[in-house]
Engineer: 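Below is a structure I'd like to ask you about.
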Amino acid sequence: NDVVSMWREAMRENRMAMDSLMNFAEARREIVPANRQAYLLSPYSLHKIEGLMSAPPADSPWNFVDDWLVTGPFALGMESEQDTTIPSGMLEKYPPELGFDRTAIFEVVDGRANWQLANADMSGKLDLLHYFGTTVNVIAYARTVVVAPSDMQVDMSLGSNDGAQVLVNGESVFLLHTGRGASPHMDTIPVNLREGENEILVKVENYGSNWQLYLSFDDPDRKLEFRVQ
């Protein structure tokens with residue numbers, strides 16, 4: 001009897017956990033891409049929606065950039081992790097900063113590279129380790145275009161591993177050289193967007209190990225549109 005009781009209690013707790021998991025996922029249905037919606041039918045397939053368990057609620061005011069173009073890696077030029085001086089690679093204007101050409105070929109640490117499509121997961125995390133060979137003492141560029149319905153000032157939220165520089169329409173609005181793990185909303189930067197298309201270029205450094213980026217905008221009414229070109 002004791003064994004049966006323990007089994008029943010375990011099954012009850014398992015059902016409660018499954019129900020809680022499904023409720024969590026269902027509350028985020030609106031932000032799950034159409035090609036992943038079928039995985040919401042069973043708790044046993046939710047793991048196929050990357051980042052779901054860290055995804056913000058559907059009513060979050062923060063609108064994360066999902067799709068990017070990325071290129072690199074370029075040399076960071078950091079002498080040591082203890083050196084707080086901004087390394088040469090963060091200060092140098094590599095070709096991706098000098099004008100956008102979707103078909104451009106760049107000379108990089110790994111040889112030659114072009115712009116390639118990259119996708120953030122449901123939490124808004126862009127994992128740069130998926131896209132590059134050399135990942136130690138390097139930088140990568142991530143690019144998106146934000147389309148604004150009018151001229152506006154909006155808060156932009158950044159999380160990065162490691163430091164990052166953000167350029168909006170070619171103007172540097174943020175620069176931080178640091179070693180850190182990435183999570184959403186580590187830095188908030190007010191930026192001015194003009195009506196129509198605005199280029200966002202993020203230069204992300206990596207000492208080694210993890211290499212990630214989160215970028216979002218305070219956009220509760222989802223007036224902003226993100227594009228890759």
Engineer: Using the six-membered ring wherever Trp is involved, compare the ring planes of H185 and W62 and label them parallel, tilted or perpendicular (cut-offs 30° and 60°).
Structural biologist: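 The arrangement is tilted - the two ring planes meet at 30° to 60°.
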Engineer: For the pair D155 (side chain) and D218 (backbone), establish whether a donor and an acceptor sit closer than 3.5 Å, ignoring hydrogens and angles.
Structural biologist: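 Pair absent, no side-chain N/O of D155 close to backbone of D218.
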Engineer: First locate atom CG of N198, then atom CG of N169, and finally report the distance between them rounded to the nearest 0.5 Å.
Structural biologist: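 Output value for this atom pair is 4.5 Å.
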Engineer: Could you tell me if the side chain of V70 sits less than 4.5 Å from the side chain of L126, heavy atoms only?
Structural biologist: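 In short, these two side chains touch, coming nearer than 4.5 Å.
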Engineer: Answer yes if V147 and V168 sit in the same cluster of Ile, Leu, Val, Met, Phe, Trp and Tyr residues linked by side chain heavy atoms under 4.5 Å apart, and no otherwise.
Structural biologist: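 Different clusters.
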Engineer: Kindly indicate whether the side chain of E79, heavy atoms from C-beta on, has any atom under 4.5 Å from the side chain of T85.
Structural biologist: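 Answer no - side chains too far apart.
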Engineer: Please state whether the rings of H177 and Y207 are parallel, tilted or perpendicular, taking 30° and 60° as the class boundaries.
Structural biologist: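 If you compare the ring of H177 with that of Y207, the planes turn out tilted.
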Engineer: Should we say atom CD of E13 is surrounded by more than 12 heavy atoms from elsewhere, each under 6.0 Å from it?
Structural biologist: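 Yes.
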Engineer: Drop me the distance from M152's CE to R194's CZ, to the nearest 0.5 angstrom.
Structural biologist: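 Rounded to the nearest 0.5 Å, the CE-CZ separation comes to 13.5 Å.
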Engineer: A side-chain contact here means heavy atoms from C-beta on lying under 4.5 Å apart; do Y94 and I139 qualify?
Structural biologist: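 A side-chain contact exists here, since the closest heavy-atom pair is under 4.5 Å.
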Engineer: Could you report the tightest heavy-atom contact between G77 and S88, atom names first, then the distance?
Structural biologist: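 That would be CA-OG, 3.9 Å.
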Engineer: Are V204 and I86 connected in the hydrophobic side-chain network, where two residues link if heavy atoms are under 4.5 Å apart?
Structural biologist: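 No, no single cluster joins them.
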Engineer: Indicate, with yes or no, if M156 and F64 share a hydrophobic cluster defined by side-chain heavy-atom contacts under 4.5 Å among Ile, Leu, Val, Met, Phe, Trp and Tyr.
Structural biologist: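 Different hydrophobic clusters.
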Engineer: Pair F174, D187 - check side chain to side chain contact (heavy atoms under 4.5 Å, CB included), show working.
Structural biologist: CA-CA 9 Å; F174 179 83; D187 308 288; 3.6 Å; yes
Engineer: Taking atom CZ of R8 as the centre, report whether more than 12 heavy atoms of other residues, nucleotides or ligands fall under 6.0 Å from it.
Structural biologist: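 Count not over threshold, so no.
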Engineer: Could you tell me whether the side chain of T71 and the main chain of N114 form a donor-acceptor pair under 3.5 Å?
Structural biologist: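 Yes; at least one donor-acceptor contact below 3.5 Å.
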Engineer: Hey, what's the ring geometry for F74 with Y141, parallel, tilted or perpendicular (30° and 60° as the breaks)?
Structural biologist: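 Geometry flag for Y141 against F74: perpendicular rings.
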Engineer: Once rounded to the nearest 0.5 Å, what's the spacing between atom CE of M78 and atom CG of N137?
Structural biologist: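 Reported value, rounded in 0.5 Å steps: 5.0 Å.
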Engineer: So with a 6.0 Å cut-off around CZ of R222, is the heavy-atom count from everything else above 12?
Structural biologist: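 More than 12 heavy atoms, drawn from other residues, nucleotides or ligands, come within 6.0 Å of this atom.
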Engineer: Quick check against the 3.5 Å criterion: does D151 have a side-chain atom that pairs as donor or acceptor with the backbone of E195?
Structural biologist: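 Between the backbone of E195 and the side chain of D151 there is a qualifying donor-acceptor contact (under 3.5 Å).
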Engineer: For M186 and G181, which heavy atoms make the closest approach, and how far apart are they?
Structural biologist: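 The answer is CE-O, 3.0 Å.
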Engineer: Consider only side-chain heavy atoms of I, L, V, M, F, W and Y, link residues closer than 4.5 Å, and tell whether L215 and M122 are in one cluster.
Structural biologist: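 Cluster IDs for L215 and M122 differ.
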Engineer: Please tell me whether V146 and L69 are part of a single hydrophobic cluster in this structure, the criterion being side-chain heavy atoms less than 4.5 Å apart.
Structural biologist: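 Shared cluster, no.
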Engineer: Working to the nearest 0.5 angstrom, can you tell me the gap between S160 OG and N206 CG?
Structural biologist: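 CG of N206 is found 10.0 Å from OG of S160.
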Engineer: If we ignore hydrogens and angles and just use 3.5 Å, is the side chain of R180 paired with the main-chain N or O of G163 as donor and acceptor?
Structural biologist: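 Answer holds: no.
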Engineer: Going from CG on L158 to OH on Y214, what distance comes out if it is rounded to the nearest 0.5 angstrom?
Structural biologist: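 Result: 11.5 Å between the selected atoms.
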Engineer: Which pair of non-hydrogen atoms, one from V108 and one from P73, has the smallest distance, and what is that distance?
Structural biologist: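 Looking at all heavy atoms of both residues, the shortest contact is CB-O, 3.1 Å.
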Engineer: Quick check: closest heavy atoms across A182 and G159, and the distance to 0.1 Å?
Structural biologist: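 What the structure gives for the nearest pair is CB-C, 4.4 Å.
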Engineer: Is there a donor-acceptor contact under 3.5 Å from the side chain of R143 to the main chain of E199?
Structural biologist: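 The answer is no, because no donor-acceptor pair under 3.5 Å joins these two groups.
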Engineer: At their closest point, which heavy atom of A140 faces which heavy atom of F132, and how far apart are they?
Structural biologist: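 Reported closest heavy-atom pair: CB-CE1, 3.7 Å.
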Engineer: Hey, mind stepping through D67 and F226 against side chain to side chain contact (heavy atoms under 4.5 Å, CB included) and telling me if it holds?
Structural biologist: CA-CA 8 Å; D67 300 315; F226 305 130; over 6 Å; no
Engineer: Do you know the tightest heavy-atom contact between W68 and D66?
Structural biologist: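 Taking every non-hydrogen atom into account, CD1-O, 4.0 Å.
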Engineer: Given side chain to side chain contact (heavy atoms under 4.5 Å, CB included), test W115 with V228 step by step and report yes or no.
Structural biologist: CA-CA 11 Å; W115 289 104; V228 294; over 6 Å; no
Engineer: Report yes or no: does K203 contribute a side-chain atom to a donor-acceptor pair with the main-chain N or O of M90 at less than 3.5 Å?
Structural biologist: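 Yes.
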Engineer: When rounded to the nearest 0.5 angstrom, what distance separates CD1 in I200 from OG1 in T144?
Structural biologist: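 Those atoms lie 7.5 Å apart.
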Engineer: Quick one: does any side-chain atom of E225 pair with a main-chain N or O of V145 as donor and acceptor, under 3.5 Å?
Structural biologist: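 Not confirmed, E225 side chain does not pair with V145 backbone.
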Engineer: State whether the side chain of N161 and the backbone N or O of Q212 hold a donor-acceptor pair below 3.5 Å, judged by distance alone.
Structural biologist: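 Flag not set: sc N161 to bb Q212 has no pair under 3.5 Å.
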Engineer: Is a side-chain N or O of N63 found less than 3.5 angstrom from the main chain of P61, in a donor-acceptor match?
Structural biologist: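 No; zero donor-acceptor contacts below 3.5 Å.
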Engineer: Has the side chain of Q116 got a donor or acceptor atom that lies under 3.5 Å from a matching backbone atom of Y131?
Structural biologist: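 Looks like yes, one N/O pair under 3.5 Å.
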Engineer: Heavy-atom distance under 4.5 Å between the side chains of L224 and L193, does that happen here?
Structural biologist: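 Yes. Closest side-chain heavy atoms under 4.5 Å.
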